[in-house]
Amino acid sequence: MTQTASGPFRFDFSGALRRGLALLASLVIGMMLVLTAGVVAVMTAIAGLLLAAAALVMRFVGQRPAPMGSAPDAAETITLEARRTPRGWTVE
């Protein structure tokens, strides 16, 4: 019976397949983490821009200018009287 001598280098197909799948799985997980971090960063930026826009709208829309001619004159000055009560101050 004749036997062939095994060489010093044997190719292990199942080991190579396992290592390749492990490398592929780690690459996919890494790419998903980077994608998730990017999505969170973009969502945070959008939320910040929306808050800034809402603050600007509230600042400029909330202040209504007084109608023309409605400013009180010096002759029409109103003086309020305040007095102390048991419940606090009262303005009359």
Side-chain angles (χ1 to χ4, degrees):
M1 188 156 97
T2 309
Q3 290 184 346
T4 57
S6 61
F9 301 108
R10 281 187 42 198
F11 182 70
D12 184 18
F13 182 73
S14 64
L17 184 63
R18 268 183 296 185
R19 285 191 300 272
L21 288 177
L23 178 64
L24 181 66
S26 64
L27 285 174
V28 168
I29 289 172
M31 289 186 339
M32 290 179 74
L33 286 173
V34 169
L35 178 70
T36 302
V39 168
V40 167
V42 169
M43 288 171 50
T44 304
I46 291 172
L49 290 174
L50 287 175
L51 284 173
L56 287 173
V57 166
M58 288 190 309
R59 172 151 173 91
F60 292 119
V61 173
Q63 295 178 353
R64 302 268 185 223
M68 297 299 267
S70 68
D73 295 333
E76 299 175 7
T77 303
I78 300 172
T79 304
L80 299 176
E81 300 278 334
R83 62 183 172 87
R84 177 93 181 181
T85 63
R87 292 182 142 184
W89 288 90
T90 300
V91 177
E92 295 175 351

Value for CG (Asp12) from CG (Leu17), rounded to nearest 0.5 Å, stands at 10.0 Å

In Å, rounded to the nearest 0.5 Å, how long is the span from CD1 of Ile46 to CG of Leu51? 12.0 Å

Membership question, hydrophobic clusters at under 4.5 Å side-chain separation (ILVMFWY): are Leu27 and Leu35 in the same one? no

Here the pair of heavy atoms bringing Thr44 nearest to Val40 is OG1-O, 2.8 Å

Atom of Arg84, atom of Trp89 and distance for their closest heavy-atom approach: NH1-NE1, 3.3 Å

